[in-house]
Number of protein chains: 2
Amino acid sequence: MAAAPNIREVALLAGVSVGTVSNVLNRPELVAEPTRDRVNAAIAELGFVRNDSARQLRVGRSRTLGLVVLDVANPFFTDVARGVEDTANQHGLAVILCNTDEDPAKEASHLDLLAEMRVQGVLINPIDTDGRLTALRERGIPVVLFDRLGDPALECSVAVDDTLGGRLAATHLIESGHRSILFVGGPRSLRQVQERYEGAAEVVAADGSAELTVLPTTALNVAAGRAAGDQIAARGRDTLPSAVFCANDLLALGVLQALTHAGLRVPGDVAIVGYDDIDFAAAAAVPLSSVRQPRQQLGRTAAELLLAETTEDDHEHRQVVFEPELVVRESSTR
Amino acid sequence: MAAAPNIREVALLAGVSVGTVSNVLNRPELVAEPTRDRVNAAIAELGFVRNDSARQLRVGRSRTLGLVVLDVANPFFTDVARGVEDTANQHGLAVILCNTDEDPAKEASHLDLLAEMRVQGVLINPIDTDGRLTALRERGIPVVLFDRLGDPALECSVAVDDTLGGRLAATHLIESGHRSILFVGGPRSLRQVQERYEGAAEVVAADGSAELTVLPTTALNVAAGRAAGDQIAARGRDTLPSAVFCANDLLALGVLQALTHAGLRVPGDVAIVGYDDIDFAAAAAVPLSSVRQPRQQLGRTAAELLLAETTEDDHEHRQVVFEPELVVRESSTR
DNA sequence: GGCGGGCGTTGAACCGATTCAGTCTTCCCG
DNA sequence: CGGGAAGACTGAATCGGTTCAACGCCCGCC
């Protein structure tokens, strides 16, 4: 394997100067056609591939963008990542993916690496909002928050209205005749969980005739949902809630599974509404009603805001808030 | 936001030469302690961040690694990606994620970009095996295939023994007393699908008393599974297979849903075995039996092979084949 | 006293693409 | 026929770390 040829060797072979080769690569319209053909032939013959670090060094910025998420294994982030990638690719940018596992130390070290790489910007669902992010901004690297609103003086952000989502779910259940609703979710310290609960609580309070109770969980995964479902099933028929609203679909799937196991019918005995509308919600044995978040859209928009910030000279930070949408399926219809 | 300070300004402030600053950054043990402290203080004061492209240009290789998958939205690839990322991070490398959507043109353009970035190597589940990959190798960029074996003369590869997986599933079903087994999966052009089928067919043929039929699908997702399930349910009780073996869990979830819908009991009327053991398999309303692939392990191993190839001077390409494992759950036990 | 060796530091060359001021042609028009 | 402008191309300076040969210095040893 021969050493990678550089632009000088291409110039030599084509009988032109390096400047011309560079022009062929970057502004081909400036170069006369016969010359351009000769250069392209030389490039093909040598198998020349532009060295991006040299280009970057000269130009000052890279062609990558950092995406920092809590966990790619969560389908929610996966879909966001798809949106980001699609938009980035359209603009010739590559995406560097980082998982933080909700660990501030991992978050910090990833951000340091991204700063060294001079990424065009960072899209992040932050844990430790202020530590490194301020530093990044000071270094001139734009930051866009997603799934959480930031300070509009400092950065752009994209989120979904979780309070509205909670209201949608509760309204649907009340209109379907449910009077005792159980909210399953936690930890409450997560903004999303808290706001979804508050939205539901608001609607229930306004109605007057219904009541909302809470069953806290320690995590937002299927196992925690199963545990919650077991607790619900253990209550005995007369103290069952008539409907359960879960803080996300993973919980809802767990609850569904535990209730079915215990011989309870969904939605006959207990209705269930989840949140996120991940693909598996529709694929559950009893298809789950769920509050849909425009996940890919979230990712695309975040990426677009970032690109806007890098190109506009008089950029004003924006906050985009999407509205969730209720998708009613079998788990909440009688 | 001030322009990013460079190593020269740090040197000036600390009263040393640029060479010394570089040594503090890369081989601190060569620098006397008081000098080192002065330099570190200057770095902190200026908020200096090393410019990785300059470093890369000089050193010749980057600190990133490319991961090219068919679709991040598939939980299988997500878990592989986690494994890759964990290993890469341990070695101070960042991961650039690319989706190909099974489109050779997207694959090619991603590989071109990765080549320009001079990534340390590429991990790929290739569609178009030979086109660009040969070119990459010629440019000296190591390639590791995963979920598919390559030519051991050319590259390392990591895969799971899909024939064995098929044998495990069929053996389990036959031993549970099933005599008419239906294989659901497609397109047959996918190596994985074909081998899983062949493994099952082998066992069935050896047994003699059982029979294996095939219901082809055009894709490996939940919707295709539902369609297949509807077809099966339409057959009428006496011609039902007693067990269904699906080429992956997404199909199995779809089949499960359609059968349940049609009033058939799983596993009472029809048993189901899936493949992959994605997290949602255990969480289905009837927990799915499935053939588990060591997904994170696959990713970690692929990354390790790549690192080995970049560090060892007398590297020999290896092929690692993992053994899948059958996880029996409710969907196939009476 | 002289010599060798180790330690700490220096500073210029280097990596490879981009950019831009400048040169050389050619052609048009008065 | 001369002036001027447009078009095509050149080549050196530049980006910012890294590396390494070379240097100064001090210490210990014969």
Side-chain angles (χ1 to χ4, degrees), chain A residues 2-40 42-43 46-63 92 112-113 115-119 139-140, chain B residues 2-40 42-43 46-63 92 112-113 115-120 139-141:
Chain A
N6 61 24
I7 203 175
R8 247 160 285 269
E9 298 171 44
V10 174
L12 196 67
L13 181 60
V16 298
S17 75
V18 294
T20 300
V21 177
S22 180
N23 281 336
V24 171
L25 292 171
N26 300 296
R27 293 111 93 198
E29 72 281 1
L30 292 186
V31 181
E33 199 177 318
T35 318
R36 207 189 311 151
D37 291 345
R38 253 182 17 251
V39 171
N40 282 323
I43 288 176
L46 295 174
F48 167 77
V49 178
R50 191 193 316 58
N51 182 324
D52 200 54
S53 22
R55 174 213 191 97
Q56 236 178 84
L57 173 59
R58 184 66 240 252
V59 176
R61 51 207 180 74
S62 77
R63 308 199 306 158
D112 283 346
L113 200 57
E116 287 197 1
M117 299 177 106
R118 301 289 194 269
V119 291
R139 288 164 197 160
Chain B
N6 61 24
I7 202 175
R8 253 159 278 267
E9 298 171 45
V10 173
L12 197 66
L13 180 62
V16 298
S17 73
V18 294
T20 300
V21 177
S22 180
N23 281 336
V24 170
L25 292 170
N26 301 296
R27 291 111 93 199
E29 72 282 359
L30 292 186
V31 181
E33 201 178 317
T35 318
R36 207 191 308 154
D37 291 345
R38 267 200 342 270
V39 171
N40 282 323
I43 288 175
L46 295 174
F48 167 77
V49 178
R50 188 194 316 59
N51 182 323
D52 201 53
S53 21
R55 173 213 192 94
Q56 233 179 88
L57 173 58
R58 184 64 240 246
V59 176
R61 54 209 178 75
S62 77
R63 307 199 305 159
D112 284 345
L113 199 57
E116 287 197 2
M117 300 177 106
R118 301 290 195 268
V119 291
Q120 292 234 345
R139 289 164 197 160
I141 298 180

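In this text, all values refer to a predicted model and were calculated from it rather than measured experimentally. Order of the sequence lines sets the chain letters (A, B, ...), proteins ahead of strands, with each chain counted from 1.
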Return the value, rounded to whole Å, for the distance between atom [atom1] of [X] and atom [atom2] of [N].
X	N	atom1	atom2	value
Q56(A)	dT14(D)	CD	C1'	16 Å
L57(B)	dA13(C)	CG	P	17 Å
L30(B)	dC7(C)	CG	P	10 Å
R61(A)	dT18(C)	CZ	P	12 Å
L12(B)	dG16(D)	CG	C1'	15 Å
I7(A)	dA12(D)	CD1	C1'	14 Å
R27(B)	dG17(D)	CZ	C1'	12 Å
E116(B)	dC15(C)	CD	P	20 Å

Below 4.0 Å: OP1/OP2 of dC9(D) and any side-chain N or O of T20(A): no
Please check the phosphate of dT18(C) (OP1 and OP2 only) for any side-chain N or O of N26(A) closer than 4.0 Å. yes
Interatomic distance, CD1@I7(A) vs CG@L12(A), rounded to 0.5 Å, equals 12.5 Å
Separation of S17(B) OG from N23(B) CG (nearest 0.5 Å): 8.0 Å
Any side-chain to backbone donor/acceptor pair from [X] onto [Y]? Under 3.5 Å, distance only.
X	Y	value
R38(B)	A14(B)	yes
Q56(A)	R63(A)	no
R61(B)	Q120(B)	no

To the side chain of [X], which of [options] is closest?
X	options	answer
V59(A)	dG16(D), dT19(C), dT18(D)	dT19(C)
S17(B)	dT18(C), dG11(C), dG16(C)	dG11(C)
N51(A)	dG16(D), dT18(C), dG16(C)	dG16(C)
A32(B)	dA12(C), dT9(C), dC9(D)	dT9(C)
N6(B)	dG16(C), dT10(C), dG16(D)	dG16(D)
A54(B)	dA17(C), dG8(C), dG17(D)	dG17(D)

By the 4.0 Å heavy-atom rule, please label V21(A) as base, sugar-phosphate, or nothing. nothing
Is any NZ, NE, NH1 or NH2 atom of the basic residue among D52(A) and R118(B) found under 4.0 Å from an Asp or Glu carboxylate oxygen of the other? no
Check step by step if side chain to side chain contact (heavy atoms under 4.5 Å, CB included) holds for N40(B) and R36(B). CA-CA 6 Å; N40(B) 282 323; R36(B) 207 191 308 154; 4.0 Å; yes
Overall bend of the helix from dG1(C)-dC30(D) to dG30(C)-dC1(D) (five pairs an end, 10° steps) is 50°
Regarding dT14(D), can its base be found pairing with the side chain of R58(A) as donor and acceptor, where the two atoms are less than 3.5 Å apart? yes
Side-chain donor/acceptor contact of R50(B) with base of dG16(D) under 3.5 Å: no
Walking DNA chain C from its 5' end, the first of N23(A) and G19(B) to be reached, judged by nearest nucleotide, is G19(B)
Side chain to side chain contact (heavy atoms under 4.5 Å, CB included), that's the test. Do F48(B) and L13(B) meet it? Break it down for me. CA-CA 12 Å; F48(B) 167 77; L13(B) 180 62; over 6 Å; no
